[in-house]
Visitor: 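Encoded as structure tokens, here's the structure I'll be asking about.
From a predicted model like this one, the values you see are computed outputs, not experimental measurements. Each residue takes its place number in the sequence, starting with 1.
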Amino acid sequence: MNALNKSVLKWTADHHTVITTDDLARLGVTRSQRRQLVDDGLLERVLDGSYRFPGSPNDELARCVAACSRGLIVAGPTAGRLSGFRRMPRDWRVYVIAPPASNPSVEKWLRPYRTAMLDPLHITQRCDGIRLTSPPRTVVDLSRYLPNNDLLSVIDQVESEGMATAQMMWQVAADLATPGRPWARRCLRILEQRPQHGVPESHWESRVVAALVDRGIRDLEPQRRLDVPGWGPIRLDGSVARLRWGVEVDVYPTHFTEEGGSNDRERDLACDAIGWRVSRVARPALKRNFDLAIDRLVKVYEQRCREQGSVDTTR
């Protein structure tokens, strides 16, 4: 009987070309046949107890399957990449959660975090054999790796895209926030400092909103819906309703075309006609000098306070 039978090929196709010794045996490959496949160069070791076809990509997914075959749970930046999170480091290491006092492998690409604190409800099982932490647990674990701005951006993305609520993330962080885990307490602080209404959608929106709130504009509301007569419903990236002031963060290429720019100007004019002033800030300006761009928005905010005769009680 051919060792690489149809069942073996089907299994490896569904598991990023990785297969374990147990699966080989279950699918009819004997120990001697497995050794022969290795000697012939048809299989090569990924981790102890797991193999792959040498001609296939030895990529992150294959390594994740191999790690999970050893009972490990994909976590941290790797789980973030697999979940589609933005702002993830591209180091191509496989971060995993391992049992306390374990030594899962000496491979340099495998980075274990040893803990017993992993609720089974915080594990997501994929059909390709990969088990990874759920979005809320991944967010909290990422506080060990990401700076504040990037972590906040990920939190906003996860809530904006419906992967988890702020309350779900807060609960996981609260459960992990023991004295030995200052990173979980940092995650709690970031969650608690966010605006209570609305969620920024892009990374730059997240940064601008956070910076304005940090500069004292506490009643700034992200993603406010506004009905504009003669135009229709719009959403402002940020707004202060009592001042009828909106902020738009232009990051998408359509804003920089002739048609897109004309559309933005017409929309802002329609807002102005009902007493709303819209201030725009573009990605090039934010990348060139972020602090200067925020300074300018704060000056517009202060000018708007004077124009509206409003006393800022939020600072």
Visitor: In chain order, what residues pass the salt bridge (charged side-chain N to carboxylate O under 4.0 Å, His left out) check against R280, with sequence neighbours excluded?
Guide: D250, D264, D268
Visitor: Please list, chain by chain and in numerical order, all residues satisfying side chain to side chain contact (heavy atoms under 4.5 Å, CB included) with S160, sequence neighbours excluded.
Guide: V199, E201
Visitor: Give me the atom names and distance for the closest heavy-atom approach of T78 to Y95.
Guide: OG1-N, 2.8 Å
Visitor: Looking only at heavy atoms, which two atoms of R277 and Q303 are closest? And how far apart?
Guide: NH1-OE1, 3.3 Å
Visitor: Could you tell me which non-hydrogen atom of D141 sits nearest to which non-hydrogen atom of L176, and how far apart they are?
Guide: OD1-CD1, 4.4 Å
Visitor: CG of L132 to CG of L82: how many Å apart, nearest 0.5 Å?
Guide: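 Going from the CG atom of L132 to the CG atom of L82 covers 6.0 Å.
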Visitor: Once side-chain hydrogen bond (donor to acceptor under 3.5 Å, both in side chains) is applied, what residue pairs with a partner in residues 167-185 remain, sequence neighbours excluded?
Guide: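 Every pair satisfying side-chain hydrogen bond (donor to acceptor under 3.5 Å, both in side chains) with a residue in residues 167-185: Y113-R181, T115-R181, W170-E192, Q171-D175, T178-R181.
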Visitor: How far apart are the closest heavy atoms of P135 and V158, and which atoms are they?
Guide: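 Shortest heavy-atom contact: CB-CG1, 4.4 Å.
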Visitor: Sorted by first residue and then second, give each salt bridge (charged side-chain N to carboxylate O under 4.0 Å, His left out) pair with at least one member in residues 31-40; sequence neighbours left out.
Guide: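 Not a single pair qualifies under salt bridge (charged side-chain N to carboxylate O under 4.0 Å, His left out).
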Visitor: Between the main-chain N or O of S102 and the side-chain N or O of R114, is there a donor-acceptor pair closer than 3.5 Å?
Guide: yes
Visitor: If you round to the nearest 0.5 Å, how far is CD1 of I155 from SG of C187?
Guide: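 If I round to the nearest 0.5 Å, the distance is 4.5 Å.
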Visitor: Taking V140's backbone N and O only, do any of them form a donor-acceptor pair with S143's side chain (distance below 3.5 Å, no angle check)?
Guide: yes
Visitor: Mark yes or no for whether H15, through its side chain, and W11, through its backbone, hold a donor-acceptor pair below 3.5 Å.
Guide: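 Checked: pair present.
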Visitor: Name all residues meeting the side chain to side chain donor-acceptor pair (under 3.5 Å) criterion together with T12; count only those two or more places apart in sequence or in a different chain, and write none if there are none.
Guide: none
Visitor: Classify the ring geometry between W245 and Y301 as parallel (under 30°), tilted (30 to 60°) or perpendicular (over 60°).
Guide: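 Correct class here is tilted.
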Visitor: List for me each residue that meets salt bridge (charged side-chain N to carboxylate O under 4.0 Å, His left out) alongside D227, sequence neighbours excluded, and say none if there are none.
Guide: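 With neighbours one apart ignored, the set is R225.
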Visitor: Going by the rule ring pair (Phe, Tyr, Trp, His ring centres under 6.0 Å), which residues pair with F256 if we only count those two or more places apart in sequence or in a different chain?
Guide: none
Visitor: Mind listing the closest non-hydrogen atom pair of L152 and A210 along with its distance?
Guide: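 Nearest heavy atoms, L152 then A210: CD2-CB, 3.2 Å.
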Visitor: If you look only at pairs with a residue in residues 155-173, which of them pass as a salt bridge (charged side-chain N to carboxylate O under 4.0 Å, His left out), with sequence neighbours excluded?
Guide: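 The answer is D156-R194, E159-R194.
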Visitor: If only atom types and distance count, is the side chain of N5 paired as donor or acceptor with the main-chain N or O of L27 below 3.5 Å?
Guide: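 Checking the backbone N and O of L27 against the side chain of N5, a donor-acceptor pair under 3.5 Å is found.
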Visitor: Is a donor on one side and an acceptor on the other found under 3.5 Å between the side chain of S153 and the backbone of D150?
Guide: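 A pair under 3.5 Å: no.
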Visitor: Using every non-hydrogen atom in the two residues, find where T124 and S134 come nearest and quote the distance to one decimal.
Guide: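 So the two residues come closest at OG1-CA, 3.8 Å.
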Visitor: Could you list all the ring-ring contact (aromatic ring centres under 6.0 Å, His included) pairs where at least one residue sits in residues 25-45, not counting sequence neighbours?
Guide: none
Visitor: Running the 4.5 Å side-chain criterion over Ile, Leu, Val, Met, Phe, Trp and Tyr, what cluster does V228 land in, apart from itself?
Guide: L226, W231, I234, L236, I274, W276, V278
Visitor: Could you check whether any side-chain heavy atom of R244 comes within less than 4.5 Å of a side-chain heavy atom of R304, counting everything from C-beta outward?
Guide: yes
Visitor: Only pairs at least two apart or in different chains count here, so list each salt bridge (charged side-chain N to carboxylate O under 4.0 Å, His left out) that has a residue in residues 13-29.
Guide: K10-D14, D23-R26
Visitor: Let me know which of R45, R70, R93 forms a salt bridge (Lys or Arg N to Asp or Glu O under 4.0 Å) with E107.
Guide: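 Answer after filtering R45, R70, R93: R45.
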Visitor: Report all side-chain donor-acceptor pairs from residues 54-64 shorter than 3.5 Å, counting only partners two or more places apart or in another chain.
Guide:
unit_1: S56; atom_1: OG; unit_2: T17; atom_2: OG1; d: 3.0
unit_1: S56; atom_1: OG; unit_2: R52; atom_2: NH2; d: 3.4
unit_1: S56; atom_1: OG; unit_2: F53; atom_2: O; d: 2.6
unit_1: D59; atom_1: OD1; unit_2: L61; atom_2: N; d: 3.4
unit_1: D59; atom_1: OD1; unit_2: A62; atom_2: N; d: 3.0
unit_1: E60; atom_1: OE1; unit_2: R81; atom_2: NE; d: 3.4
unit_1: E60; atom_1: OE2; unit_2: R81; atom_2: NE; d: 2.8
unit_1: E60; atom_1: OE2; unit_2: R81; atom_2: NH2; d: 2.5

Visitor: To the closest 0.5 Å, what do you measure between CG (L24) and OH (Y51)?
Guide: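 Separation between the atoms: 8.0 Å.
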